[in-house]
Student: 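The following block contains the structure, expressed as structure tokens.
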There are 2 protein chains.
Amino acid sequence: MQNQLSHIKVAVDAIVFGYSKQDGVSVLLIQRKYPPFKNSWAIPGGFVLEHESLETAVKRELEEETGITVNYLEQLYTFGEPERDPRQRVIAIAYFGLVKASMYQELKASTDAENAQWFSIKKLPPLAFDHKQILQAAIARLRSKIRYQPIGFELLDKKFPFSDLEKLYTALLDKDINRRNFSKKILSFDFLEETGEVSKPDGKGRPSKMYQFNQKRYRELLKEGFHFEI
Amino acid sequence: MQNQLSHIKVAVDAIVFGYSKQDGVSVLLIQRKYPPFKNSWAIPGGFVLEHESLETAVKRELEEETGITVNYLEQLYTFGEPERDPRQRVIAIAYFGLVKASMYQELKASTDAENAQWFSIKKLPPLAFDHKQILQAAIARLRSKIRYQPIGFELLDKKFPFSDLEKLYTALLDKDINRRNFSKKILSFDFLEETGEVSKPDGKGRPSKMYQFNQKRYRELLKEGFHFEI
DNA sequence: TCAAAAGTGTTTCACTTACACCCATGA
DNA sequence: TCATGGGTGTAAGTGAAACACTTTTGA
């Protein structure tokens, strides 16, 4: 095997989720400029360079195509059916990323991102290749993972009112949540801390305390055998 | 992109677990015949052919190298660090497989398997490439997955005494299990059925009822929103 | 002073945990 | 009849679910 060449190409894709109170959970898509599927919406991604790690490749492609930097990234699944790309055999290692609400707002301003756009996961456009299937796998991962790992905080701002967290969970889990029991449960975990600030009420109602996720405390709890579960 | 060739090669690996009361949980390894890592033990696997799906490739390689057929297979993770193979860039899509106790016994008889062998996960040999890391990921997956999905039955025979299941769980989860509460919990799920048979006691003690996993009933329960958890 | 949203106390109920005892078999 | 492993009943403890009430703000 003297550096043989392969007929199979290796690509990475990035399914990036963002959140806002107005639009709920959204995913970042780009519009294709060239055939096949010209002008279709697609998941950002591209081919892996010979000496670059898979994660580096995802981050690079994401930066090039959308200008976005994620604050959470994990491997999702590898899609490799022989016919998934009509041109030639391409296997795609899909990654799952999250960005904070502040980054979500910034996309509009970026110049790299002229053909990148957020789509609410409730109103998705038709997608190129097998990207519908990939996106569905990512949404399933997000929905299940948010129940046993505190990744919800990666979608909110650093400091947030408690109701934001509750709205996020309501948006992702279908059943509606009992406000009282939800707050009792989350606060009993003891990894949220009050910042001392309060939110100015937008319009009406009592202002709420601002909280932030204490990552260090969470890691300590994990070491003690703690298990997060909603 | 007219069928360009890639400098990155695509391989699949299969981490297959088996179980027996004597050896506990074991993993199937092969001894390498050629350099690099000649004579080292390694996870079975090989390169993906141009027109074959990833799953087909895993099953084919497993059959060729060990003669084993799995009754459960899922994708584990894709390993793609640039330096993981000293010869050239190879990304490996690792799969996670389980075989029933009867298949576990058969390996010894198979001729294909002259250089394949079961190793207890408690006494593992040094491994080629980054296979130690891959195997650790697989063991972690098995340990965590057995808690929220009834894959334990894929490691036992079709019919088994209850204590076999208990021993399997004791072997995988570190903490020891309260026999009474474990059986109450499993039986309350209502996907195990008595076969009417009893085991002949091997040596001593009261014979036990034989049970079998009712896959159909389990699927029904899932539809009703049932959630398995130990 | 009213509507809206935040914040909190308490009872009920179900399930887990812990413990103890009985049963069937071979030697 | 004894040792061994299989099979089962139940009380106590813990935590989730349900519900109702109070507080703080803007209009």
Side-chain angles (χ1 to χ4, degrees), chain A residues 20-22 146-148 150 156-157 159-171 173-212 221 224-230, chain B residues 20-22 24 147-148 152 156-157 159-171 173-212 221 224-230:
Chain A
S20 72
K21 257 174 283 188
Q22 308 84 275
I146 203 166
R147 300 185 55 174
Y148 62 87
L156 302 177
D157 279 319
K159 300 175 182 180
F160 53 87
F162 203 89
S163 58
D164 271 19
L165 188 65
E166 193 193 318
K167 278 175 198 133
L168 173 60
Y169 271 87
T170 312
L173 313 175
D174 264 337
K175 61 176 180 185
D176 55 329
I177 293 169
N178 179 302
R179 191 167 51 94
R180 175 68 181 121
N181 294 333
F182 182 73
S183 87
K184 253 196 299 185
K185 183 163 215 165
I186 297 281
L187 291 177
S188 75
F189 290 147
D190 199 32
F191 53 53
L192 277 196
E193 52 193 24
E194 300 185 11
T195 66
E197 300 160 69
V198 291
S199 75
K200 31 183 180 306
D202 46 10
K204 46 205 168 186
R206 176 177 175 173
S208 57
K209 297 178 195 167
M210 298 295 274
Y211 288 90
Q212 63 189 20
L221 286 167
E224 296 165 17
F226 159 83
H227 176 66
F228 176 79
E229 180 111 39
I230 299 296
Chain B
S20 73
K21 258 175 283 191
Q22 307 84 274
R147 300 186 55 175
Y148 61 87
L156 303 177
D157 280 319
K159 300 175 181 182
F160 53 88
F162 203 89
S163 58
D164 271 18
L165 189 65
E166 192 194 319
K167 279 175 198 131
L168 174 60
Y169 271 86
T170 312
L173 312 175
D174 265 336
K175 61 175 179 188
D176 56 325
I177 291 169
N178 179 302
R179 188 167 52 93
R180 176 65 181 123
N181 295 334
F182 182 73
S183 86
K184 254 196 301 185
K185 183 164 215 163
I186 298 282
L187 291 176
S188 76
F189 291 147
D190 199 33
F191 53 54
L192 275 196
E193 52 192 25
E194 300 184 13
T195 66
E197 299 161 70
V198 290
S199 74
K200 31 183 178 305
D202 46 9
K204 47 206 167 186
R206 174 177 176 174
S208 57
K209 298 178 196 168
M210 299 295 273
Y211 289 90
Q212 63 189 20
L221 286 166
E224 297 165 18
F226 160 82
H227 176 65
F228 176 79
E229 180 110 40
I230 299 295

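Here is the naming used below: chain letters follow the sequence lines, and residue numbers restart at 1 for every chain.
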Student: Between K167(B) and N181(B), name the one whose nearest nucleotide on DNA chain D is closer to the 5' end.
Tutor: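 First, find each residue's nearest nucleotide; the 5'-ward one identifies K167(B).
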Student: Given that S163(A) and K184(A) both sit by DNA chain C, which one's nearest nucleotide is further toward the 5' end?
Tutor: S163(A)
Student: Any idea how Y169(A) and F182(A) line up, ring-wise: parallel (<30°), tilted (30 to 60°), or perpendicular (>60°)?
Tutor: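 Answer is tilted, since the angle falls between 30° and 60°.
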Student: Measure distances between side-chain N and O atoms of R180(B) and base N and O atoms of dG9(D), and say whether any donor-acceptor pair falls under 3.5 Å.
Tutor: yes
Student: When you measure only distances, ignoring hydrogens and angles, does the side chain of R179(B) come within 3.5 Å of the base of dG7(D) through a donor and an acceptor?
Tutor: yes
Student: Rounding to an integer number of Å, can you tell me how far F182(A) CZ sits from dA6(C) C1'?
Tutor: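 These atoms are roughly 15 Å apart.
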Student: Atom CZ of R147(A) and atom C1' of dA16(D): how far apart are they, to the nearest Å?
Tutor: 14 Å
Student: Please tell me if K209(B) has a side-chain N or O lying less than 4.0 Å from either OP1 or OP2 of dT8(D).
Tutor: yes
Student: Checking only heavy atoms, does the side chain of K185(B) share a donor-acceptor pair with the base of dT17(C) at less than 3.5 Å?
Tutor: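 Answer no: no donor N or O sits under 3.5 Å from an acceptor.
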Student: What is the ring orientation for F191(A) with F228(A), classed by angle as parallel under 30°, tilted 30 to 60°, or perpendicular over 60°?
Tutor: tilted
Student: Rounded to whole angstrom units, what separation is found between the CG atom of N178(B) and the C1' atom of dG7(D)?
Tutor: 13 Å
Student: For the side chain to side chain donor-acceptor pair (under 3.5 Å) test, which of E193(B), E197(B), K159(B) pairs with Q212(B)?
Tutor: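 For Q212(B), the side chain to side chain donor-acceptor pair (under 3.5 Å) check succeeds only for E193(B).
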Student: Taking C-beta and beyond as the side chain, do M210(B) and E194(B) meet within less than 4.5 Å on heavy atoms?
Tutor: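 Heavy-atom side-chain distance check fails, nothing below 4.5 Å.
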Student: What nucleotide among dA18(D), dG7(D), dA6(C) has an atom nearest to a side-chain atom of R206(B)?
Tutor: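 Shortest atom-to-atom distance from the side chain points to dG7(D).
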Student: May I have the distance from I186(A) (atom CD1) to dT8(C) (atom P), rounded to whole angstrom?
Tutor: 15 Å
Student: L192(B) has an atom CG; how far is it from atom P of dG7(D), in whole Å?
Tutor: 12 Å
Student: Would you kindly give the NE2-to-C1' distance between H227(A) and dG15(D), to the nearest whole Å?
Tutor: 15 Å
Student: Take Y148(A) and Y148(B), measure what ring-ring contact (aromatic ring centres under 6.0 Å, His included) needs, and give me the verdict at the end.
Tutor: CA-CA 12 Å; Y148(A) 62 87; Y148(B) 61 87; 7.2 Å; no
Student: Distance check needed: dT16(C) C1' versus L187(B) CG, whole Å only.
Tutor: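 Spelled out: CG on L187(B) to C1' on dT16(C) is 16 Å.
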Student: Nearest whole angstrom, please: distance from the P of dG5(D) to the CZ of F160(B).
Tutor: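 Computing the F160(B):CZ to dG5(D):P distance gives 20 Å.
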